*Asks:* 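Sharing a structure here in structure tokens format.
Note that the structure is predicted; figures quoted are calculated from it, not measured. Residues: numbered from 1 along the sequence shown.
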Amino acid sequence: VVISPLLALMRDQVVALRRRGLRVCEISSASTDSIGRCLKGLENGWFDLVYITPEQLRKDNVRRALERAEINYLVIDEIHTMHKWKDFRPSYSFLADYLKKRREEGFWFPLAGFTATITGEGLQDVIDMLTGSSDFELEEIDFRTDYRAGELDYEEIKVIKGPIMRDNLILDVRETESGPNRLKALVNILRELISWAEEISDGRPWIGLIFASFVRSNKWYENAPQI
């Protein structure tokens with residue numbers, strides 16, 4: 001069972017997994033799946049993965065189905081959102097309280113969380129929210145490490161941390177002049193990137209993204225349409 005924070009992200013993952021032949025169901029306010037069928041399938045093991053938004057776990061029938069199901073893991077995807085969004089998405093606090101209460105009552109979910117952007121403060125906050133404990137074991141690994149389920153102690157709190165820098169990511173910072181010259185510099189950089197992308201793509205389609213602010217500026221060269 002995967003608890004996912006964003007409807008668009010969930011929908012994208014569900015569609016991609018179904019294309020690969022996996023049995024996947026989505027329980028959310030925007031789901032096109034039958035919620036009743038998803039809950040029945042969750043209880044009876046019909047699906048390989050079931051995606052749920054945290055808000056759905058505030059419903060009694062969803063929690064009952066979850067507790068009746070035999071699940072390998074309850075996965076909180078993008079777990080940093082528990083720390084960042086708990087004030088305006090109280091369902092995350094509800095989720096944490098629910099898991100702690102059921103654990104105290106003897107009902108235990110195998111729990112895992114994944115993120116690429118959590119801070120040290122956020123990590124400590126999430127662990128405290130979910131377990132009430134400040135103790136955890138930290139292990140740093142590289143991307144060549146392959147963890148097997150048998151190597152993990154499911155009753156301990158363990159944080160597995162990968163490296164920040166990745167071989168397949170390049171960060172390039174350019175210093176440019178201010179004003180319209182900055183836009184000209186961007187055009188030149190784009191030409192470089194297009195040439196590089198064409199070379200390494202070997203004729204395959206590729207996508208380039210430009211991030212620009214939606215806040216309108218009174219300077220024509222700082223607005224997204226002009227860029």
Side-chain angles (χ1 to χ4, degrees), residues 1-14 16-17 24 26-31 42 49-60 62-63 66-67 69 71-105 107-143 145 147 149 151-166 168-169 171 209 211 213-215:
V1 175
V2 180
I3 299 174
S4 182
L6 299 172
L7 294 176
L9 175 64
M10 179 187 297
R11 169 63 15 195
D12 183 64
Q13 291 176 341
V14 167
L17 290 169
V24 186
E26 173 188 346
I27 301 175
S28 73
S29 60
S31 175
L42 174 61
L49 284 168
V50 175
Y51 281 80
I52 306 177
T53 57
E55 285 75 17
Q56 293 295 317
L57 285 170
R58 304 192 77 158
K59 299 178 179 178
D60 292 339
V62 175
R63 294 197 304 276
L66 186 66
E67 294 176 9
I71 62 173
N72 294 324
Y73 272 109
L74 184 65
V75 175
I76 304 177
D77 195 19
E78 306 291 350
I79 199 170
H80 61 274
T81 54
M82 291 195 72
H83 167 67
K84 289 187 174 182
W85 293 355
K86 61 183 178 182
D87 291 334
F88 80 92
R89 286 186 77 171
S91 293
Y92 273 118
S93 295
F94 178 90
L95 169 64
D97 292 341
Y98 164 67
L99 292 174
K100 282 194 295 187
K101 180 181 177 182
R102 295 301 281 131
R103 190 181 298 111
E104 292 168 357
E105 295 170 347
F107 194 96
W108 186 75
F109 291 104
L111 184 63
F114 296 89
T115 178
T117 58
I118 200 166
T119 63
E121 177 188 357
L123 175 63
Q124 189 66 69
D125 184 37
V126 166
I127 291 174
D128 181 62
M129 286 177 67
L130 290 170
T131 69
S133 172
S134 59
D135 298 325
F136 62 90
E137 178 187 349
L138 176 64
E139 181 172 352
E140 298 192 18
I141 63 172
D142 58 39
F143 288 115
T145 302
Y147 258 89
E151 297 172 354
L152 296 175
D153 182 346
Y154 296 107
E155 295 186 3
E156 71 176 3
I157 305 171
K158 187 166 188 176
V159 176
I160 302 172
K161 180 182 178 182
I164 297 176
M165 300 305 294
R166 306 183 188 185
N168 62 341
L169 295 180
L171 181 63
L209 300 177
F211 293 91
S213 174
F214 280 108
V215 179

*Asks:* Identify the heavy atoms of V159 and F136 that sit nearest to each other, and give their distance.
*Replies:* CG2-CD1, 3.5 Å

*Asks:* Nearest 0.5 Å, please: how far is CG in L74 from CG in L57?
*Replies:* 7.5 Å

*Asks:* To the closest 0.5 Å, what do you measure between CG (L99) and CG (L130)?
*Replies:*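 If I round to the nearest 0.5 Å, the distance is 6.5 Å.
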
*Asks:* For W108, is there any backbone N or O sitting under 3.5 Å from a side-chain donor or acceptor partner on R103?
*Replies:*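 Flag not set: sc R103 to bb W108 has no pair under 3.5 Å.
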
*Asks:* Between atom CD1 of I157 and atom CG of D135, what is the distance when rounded to the nearest 0.5 Å?
*Replies:*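 That separation rounds to 7.0 Å.
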
*Asks:* Between Q56 and I27, what is the shortest heavy-atom contact and its length?
*Replies:* CG-O, 3.5 Å

*Asks:* Which heavy atom of D77 sits nearest to which heavy atom of V2, and what is that distance?
*Replies:* CB-CG1, 4.0 Å

*Asks:* How long is the straight-line distance from CE of M82 back to CE of M129, given to the nearest 0.5 Å?
*Replies:* 4.0 Å

*Asks:* Among M10, E55, E78, K84, find the residue that satisfies the side-chain contact (heavy atoms from CB on, under 4.5 Å) test when tested with P5.
*Replies:* E78

*Asks:* Provide the closest heavy-atom pair for G132 versus K100 in the form atom of the first, atom of the second, distance.
*Replies:*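 Minimum heavy-atom separation between G132 and K100: N-CD, 3.7 Å.
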
*Asks:* Going through the distances and angles, do I76 and L95 end up as a side-chain contact (heavy atoms from CB on, under 4.5 Å)?
*Replies:* CA-CA 10 Å; I76 304 177; L95 169 64; 4.1 Å; yes

*Asks:* Can a donor-acceptor pair be found, under 3.5 Å and without considering hydrogens, that links the side chain of R102 to the backbone of F109?
*Replies:*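 Between the backbone of F109 and the side chain of R102 there is no qualifying donor-acceptor contact (under 3.5 Å).
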
*Asks:* Taking everything shown except E121 itself, do over 12 heavy atoms lie less than 6.0 Å from its CD?
*Replies:*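 Atom CD in E121 is not packed in, count stays at 12 or less.
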
*Asks:* Kindly give the heavy-atom pair with the smallest separation between P54 and S4, and that separation in Å.
*Replies:* CD-O, 3.4 Å

*Asks:* Please check this pair: side chain of T131 against backbone of I127, looking for a donor-acceptor N/O pair closer than 3.5 Å.
*Replies:*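 Flag set: sc T131 to bb I127 pair under 3.5 Å.
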
*Asks:* Find the distance between OH (Y51) and CG (L17) and round it off to the nearest 0.5 Å.
*Replies:*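 Answer for the OH-CG pair, Y51 versus L17, is 4.5 Å.
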
*Asks:* I need the T81 OG1 to Y92 OH distance, nearest 0.5 Å.
*Replies:*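 Rounded to the nearest 0.5 Å, the OG1-OH separation comes to 3.0 Å.
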
*Asks:* If only side-chain N and O atoms count, and only distance matters, is there a donor-acceptor pair under 3.5 Å linking E26 with S28?
*Replies:* yes

*Asks:* With H83, which of T115, T119, D125 fulfils side-chain hydrogen bond (donor to acceptor under 3.5 Å, both in side chains)?
*Replies:*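 Of all the options given, the one that passes is D125.
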
*Asks:* Give me the atom names and distance for the closest heavy-atom approach of L7 to S29.
*Replies:*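 Distance-wise, the nearest heavy atoms are CD1-OG, 4.1 Å.
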
